[in-house]
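Sharing a structure here in structure tokens format.
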There are 2 protein chains.
Amino acid sequence: MDHGFQSQDFSIDRHSGISAWKQIADMINRSIQSGEYDHTGRVPPETVLAERFGVNRHTVRNALASLVEEGLLSRVRGRGTMIEKREKLVFPISRRTRFTEGLAPQAGAIAREVIRSDVRPARKEMAEALHLKEGEPLVYVCMIGFADQQPVSLAATYFPHNRFPHMADLIGQHHSVTKALVEQGVGDYVRVSTDVTGRLATAEEAAHLKLGSGSVVLEAVSVNADLDSLPIQYSRTVFAADRISLRFDTQ
Amino acid sequence: MDHGFQSQDFSIDRHSGISAWKQIADMINRSIQSGEYDHTGRVPPETVLAERFGVNRHTVRNALASLVEEGLLSRVRGRGTMIEKREKLVFPISRRTRFTEGLAPQAGAIAREVIRSDVRPARKEMAEALHLKEGEPLVYVCMIGFADQQPVSLAATYFPHNRFPHMADLIGQHHSVTKALVEQGVGDYVRVSTDVTGRLATAEEAAHLKLGSGSVVLEAVSVNADLDSLPIQYSRTVFAADRISLRFDTQ
DNA sequence: AAAGATTTGTCCGTATGTATG
DNA sequence: ACATACATACGGACAAATCTT
């Protein structure tokens, strides 16, 4: 599938520090994501790929093996290499952004798991966003978001401790930020801003999100406020980029 | 700098298809971007890094050499390895999104260069977004966006050919989509939606944006409409993730 | 049903690049 | 600069499963 930039090129950079099979795996992965093989539901035979990329068949086999291990492909001797379809979820971000509501229509089961929480002093960027002074206490909650039993996001969120002293416990009880805020008198809240960057996953993120090393993540830094425009939540959320995309409706 | 997830881990994956020096270069790169060395303005000595990552000093030297070549670091014998400051630009996306206006306050010179244009039939996703039938003619314009002489974005944009037959020429003249639209009777337009994903750069994108292989890009698929809510532009824009972040204000 | 083509799986060996000490 | 270990890449040959004719 042509995406509008240039016709595809299959050259391999031998001095990039990335092995040939890994580069090929990345290219095949991109081709799958862009729907290039949707008509057949399978990847071309190893011999064809080997010729296309200008490498030995064993090198292609290494690339395919890594994608099979990630669950993206499955191979059957004599038949070929089939694509396991995995729909990409869309996480909608708007003035009213809610994790569960946003993903519920697209996935069977949505869940959140708190993996750590404590109280810690505000760092500069958090203090600025929350209109506090640097060093003031914040409730810190780190949680993983699941869609269909697959981890899709890893979020570190911070609340002013003075206003929400029991935030950690309440999120642990309800597995929901919205419900925890309701119990503390915040009936509704809105998303103020979201900063999005992309980068490679760190080792910890890859472990929590069950990603292969060298995977790409989207990092969203966001601020929520109550209806009086008082900021109440600062979050840094990391999304597995190959499982989710972010949609912004600026209506 | 702790980012709220877990204490940092410096383990190297020997079976990832990515050589140790490349993995270390990526980790140092992330540390620099997250501001971990901002207080000293330099990277720790090679011997310290070697011990921290559990590798030989030669391996760390390879990693640093690749970052020096990218222009991220500079080494002076006897003094150490200094960080060359490179601020990340923020591209604001809102109902009113304009390339030049958005970046002008942050960079000295903003420029756009058209690298290709033609007329081509609408593919399914474009036709749906523009309320046309599949196969109807679209004006296609591919351009690179520069900030301070550095390429930051690569955009493939599509306009209905019936309504804007001279779009390509006008953009070529003015180097501005906004001005080209004004000349064709669209005084103002608004951003309707933006879909953001992250992935590794393709070879062509890396070439156009002057990225190393294995670099991460943000891909934004967006739709603009005129003030009568008629969609007029479908775009796929790729941003160099290490030079730019996207900011969404959901005010 | 049988033969041949296609496609993945496995074995051998060799050369090169990477990382260590 | 050198020796060692290991992962990577290549080349060829054959086996085993599946599909086509």
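Chain identifiers are assigned alphabetically (A, B, ...) following the order of the sequence lines, protein sequences preceding nucleic acid strands; residue numbering begins at 1 within each chain. Here the structure is a predicted model, which means the values were calculated and not measured.
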Inspect the contact between A:Glu134 and A:Lys124 and indicate whether a charged nitrogen and a carboxylate oxygen are less than 4.0 angstrom apart.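 Salt bridge flag = no for A:Glu134 with A:Lys124.
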
Rounded to whole angstrom units, what separation is found between the CD1 atom of A:Ile24 and the C1' atom of D:dA9?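 Taking CD1 of A:Ile24 and C1' of D:dA9, I get 10 Å after rounding.
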
Among D:dA9, C:dT20, C:dA19, which nucleotide has an atom closest to any side-chain atom of B:Val55?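 The nucleotide sitting nearest to the side chain is C:dT20.
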
With nearest nucleotide decided by heavy atoms, which residue, B:Gly17 or A:Arg57, maps closer to the 5′ end of DNA chain D?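 The 5'-side residue here is B:Gly17.
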
Roughly how many Å is it from CD in A:Glu51 to P in D:dA9, rounded to a whole number?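 Rounding to the nearest Å, CD of A:Glu51 and P of D:dA9 are 19 Å apart.
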
Are B:Gln23 and B:Ser16 linked by a side-chain donor-acceptor pair shorter than 3.5 Å?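 Side chains of B:Gln23 and B:Ser16: pair found under 3.5 Å.
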
So if I take every side-chain heavy atom of A:Asn56 and compare against D:dA16, C:dT10, D:dC10, which nucleotide ends up nearest?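 Nearest to the side-chain atoms of A:Asn56, counting from C-beta on, is D:dC10.
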
A:Glu46 CD to D:dC10 P, straight-line distance once rounded to whole Å: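 Rounded to the whole Å, the gap is 14 Å.
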
Heavy atoms from C-beta onward define the side chain here; which of D:dA9, D:dA1, D:dT18 lies closest to that of A:Arg79?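 Nearest to the side-chain atoms of A:Arg79, counting from C-beta on, is D:dT18.
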
Could you give the CZ-to-C1' distance, from A:Arg42 to C:dT6, as a whole number of Å?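 Computing the A:Arg42:CZ to C:dT6:C1' distance gives 11 Å.
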
Supply the atom-to-atom distance B:Asp38 CG to B:Glu36 CD, rounded to the nearest 0.5 angstrom.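 Spacing of CG (B:Asp38) from CD (B:Glu36) equals 9.5 Å.
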
Go nucleotide by nucleotide along DNA chain D from the 5' end; which of B:His58 and B:Ile18 gets its closest nucleotide reached first?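 Upstream on the strand: B:His58.
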
Under 4.0 Å, heavy atoms only, any strand: does B:Arg14 hit a base, just the sugar-phosphate, or nothing?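 The answer is sugar-phosphate, as B:Arg14 gets under 4.0 Å only of primed atoms, P, OP1 or OP2.
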
Euclidean distance, atom CG of residue A:Leu49 to atom C1' of C:dT7 [Å, nearest integer]: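 Between C1' of C:dT7 and CG of A:Leu49: 12 Å.
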
Is any side-chain N or O of A:Trp21 closer than 4.0 Å to OP1 or OP2 of D:dT8?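 True: A:Trp21 side-chain N/O within range (under 4.0 Å) of D:dT8 OP1/OP2.
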
Picking from D:dT8, D:dC10, D:dA1, which would you name as closest to the side chain of A:Ser19?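 Taking heavy atoms from C-beta onward, the closest nucleotide is D:dT8.
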
Any salt bridge linking A:Glu46 with A:Arg75? Criterion: basic side-chain nitrogen under 4.0 Å from a carboxylate oxygen.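 Here A:Glu46 pairs with A:Arg75 in a salt bridge, since their nearest N and O are under 4.0 Å apart.
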
Counting only Watson-Crick or G-U wobble pairs whose two distances fall under 3.5 Å, which nucleotide matches D:dA1?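 Checking every strand shown, D:dA1 finds no partner, since no pair has both distances under 3.5 Å.
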
Which heavy atom in A:Gly102 sits nearest to a heavy atom in A:Gln106, and how many Å separate them?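 In this case the closest contact between A:Gly102 and A:Gln106 is O-NE2, 3.3 Å.
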
Can you tell me how far C1' of C:dT20 sits from CG of B:Asn62, to the nearest Å?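 Going from CG in B:Asn62 over to C1' in C:dT20 covers 13 Å.
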
Separation of atom CZ in B:Phe53 from atom P in C:dT18, rounded to whole Å: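 Going from CZ in B:Phe53 over to P in C:dT18 covers 19 Å.
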
Expressed as a whole number of angstroms, how long is the span from A:Arg77:CZ to D:dC14:C1'?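 Nearest whole value for this atom pair: 11 Å.
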
Contact class for A:Thr47 vs. all strands (heavy atom < 4.0 Å): base, sugar-phosphate, or nothing?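 The answer is nothing, as A:Thr47 stays clear of every strand by at least 4.0 Å.
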
Nearest to the side chain of B:Thr59, which nucleotide is it out of C:dT7, D:dT18, C:dT20?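 The answer is C:dT20, which lies nearest to the side chain.
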
